[in-house]
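Quick notes on the structure that follows.
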Amino acid sequence: MENSKMTSRLAAILPPGMKAFWETSVDSTNLAVVRLAQQTDAEIVLAAADEQTQGRGRRGRSWSSPMGESLYMSLLLKHPAVEPENASMLTLVMGLSAVQALRDLTGHSARIKWPNDAVMGDKKICGILTEMRAAENGIRHVVIGVGLNLNARAFPQELMDRATSLYLETGKEYDRAEAAAALCRRFLENYNTFLKTQDMSGLLEEYNGALINLGRRVKVLDPGGEYTGTAGGITPRGELRVTRQDGGMELIYAGEVSVRGLYGYV
Ligand code: BTN
């Protein structure tokens, strides 16, 4: 069911050209946005919800989404002018946008943990799940789902050392519609830059400037064998440069491997 009050509040502050839906309860906004996009000709569709009953995280994990607590939203890009092999970089574009939006909203520092987690105080505050559906002649749509921990007062014991919320970091409560609009504004700006080259070259400096891994020792959880090294920045294609202890250089692709700090999450 639609939350019409939130839908109209959001419509009033969103950048033009986007159609927004705010639902009370959905399975996952990544699924809901695909259904809702059929009701509009808009090329960029936003679906947000007060709660998700089957919130999904990366690598098959679930994403806890209690009623009214945080921002659960997904952006759908219809037939984007992006070659399928370049679409995975959109998740980095959203990661950068999340970090910028967090700074806009709070004035506090936020960083990116490669490829797309937003981090405050060395803990994860925002996760992104990007999914794509192909058509015969390109991409049918890309869905970019964002879970931004806004007003959570606590996390389960097992997450306390690596998850945080804006409330825990700043002591203030944040408005979910304002947060969604801040994120969309930054995303649209960065997406337009991305479209010019279909890679990260126009966003490279900003992305690497926000990258928390830069210069840090990391553990690369490669299915072919775990190793440690020092992270450099990303390449224009969004791969992370890692210098191994023996001096060898690796380029890490998101999706294949995870990167952790040597002693914790970052
Ligand atoms: C991660 O594991 O870090 C990604 C989490 C993504 C969660 C968001 S919440 C809104 C959207 N709907 C989902 O089911 N997942 C994403």
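Read the numbers this way: they start at 1 and go in the same order the structure lists the ligands and their atoms. Side chains included, hydrogens not; waters and symmetry mates left out as well; all remaining heavy atoms used. Source: prediction; values computed, not measured.
Of the residues listed (Glu169, Lys124, Lys123), the one engaging Thr164 in a side-chain hydrogen bond (donor to acceptor under 3.5 Å, both in side chains) is Glu169, and it is the only one. The side chain to side chain contact (heavy atoms under 4.5 Å, CB included) test with Arg56 singles out one residue from Thr29, Leu129, Asp27, and that residue is Leu129.
Atom-to-atom distance recorded for Leu150:CG and Arg176:CZ is 8.5 Å, nearest 0.5 angstrom.
By the criterion of a heavy-atom distance under 4.0 Å, the backbone of Ile128, and not its side chain, is placed next to ligand 1.
Counting the atoms of ligand 1 from 1 in the order shown, those under 4.0 Å from a heavy atom of Gly55 are 14 (O). For ligand 1, the atoms sitting less than 4.0 Å from at least one non-hydrogen atom of Ser28 are 12 (N), 13 (C), 14 (O), numbered in the order shown with element in parentheses. In summary, the atoms of ligand 1 found under 4.0 Å from a heavy atom of Met73, numbered by their order in the structure, are 10 (C).
Protein heavy atom closest to atom 8 (C) of ligand 1, with residue, atom name and distance, is Gly147 N, 3.5 Å. Scanning the protein heavy atoms around atom 12 (N) of ligand 1, the nearest turns out to be Gln52 OE1, 2.8 Å. In terms of protein heavy atoms, atom 2 (O) of ligand 1 is closest to Arg58 N, 2.7 Å. Residue, atom and distance of the protein heavy atom nearest to atom 11 (C) of ligand 1 are Thr29 OG1, 3.3 Å.
Salt bridge absent: Arg237 and Asp199 never bring a charged side-chain N and a carboxylate O closer than 4.0 Å. Between Arg244 and Asp222, no side-chain nitrogen of the basic residue sits less than 4.0 Å from a carboxylate oxygen of the acidic one, so the salt-bridge criterion is not met.
Put simply, the side chain of Tyr72 never gets that close to the backbone of Met67: no donor and acceptor are under 3.5 Å apart.
Taking any N or O of Trp63, backbone or side chain, none lies under 3.5 Å from an N or O belonging to ligand 1.
At least one heavy atom of Lys124 sits under 4.0 Å from some atom of ligand 1.
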For Asn86 and Gln198, what are the C-alpha separation, side-chain angles and deciding distance, and is it a side chain to side chain donor-acceptor pair (under 3.5 Å)?
CA-CA 6 Å; Asn86 299 332; Gln198 288 208 28; 2.7 Å; yes

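The cationic group of Lys19 lies under 6.0 Å from the six-membered ring centre of Phe21 and within 45° of the ring axis, placing it in a cation-pi geometry.
Nearest-residue assignment for atom 14 (O) of ligand 1 (options Arg56, Arg59, Gln54; heavy-atom criterion): Arg56.
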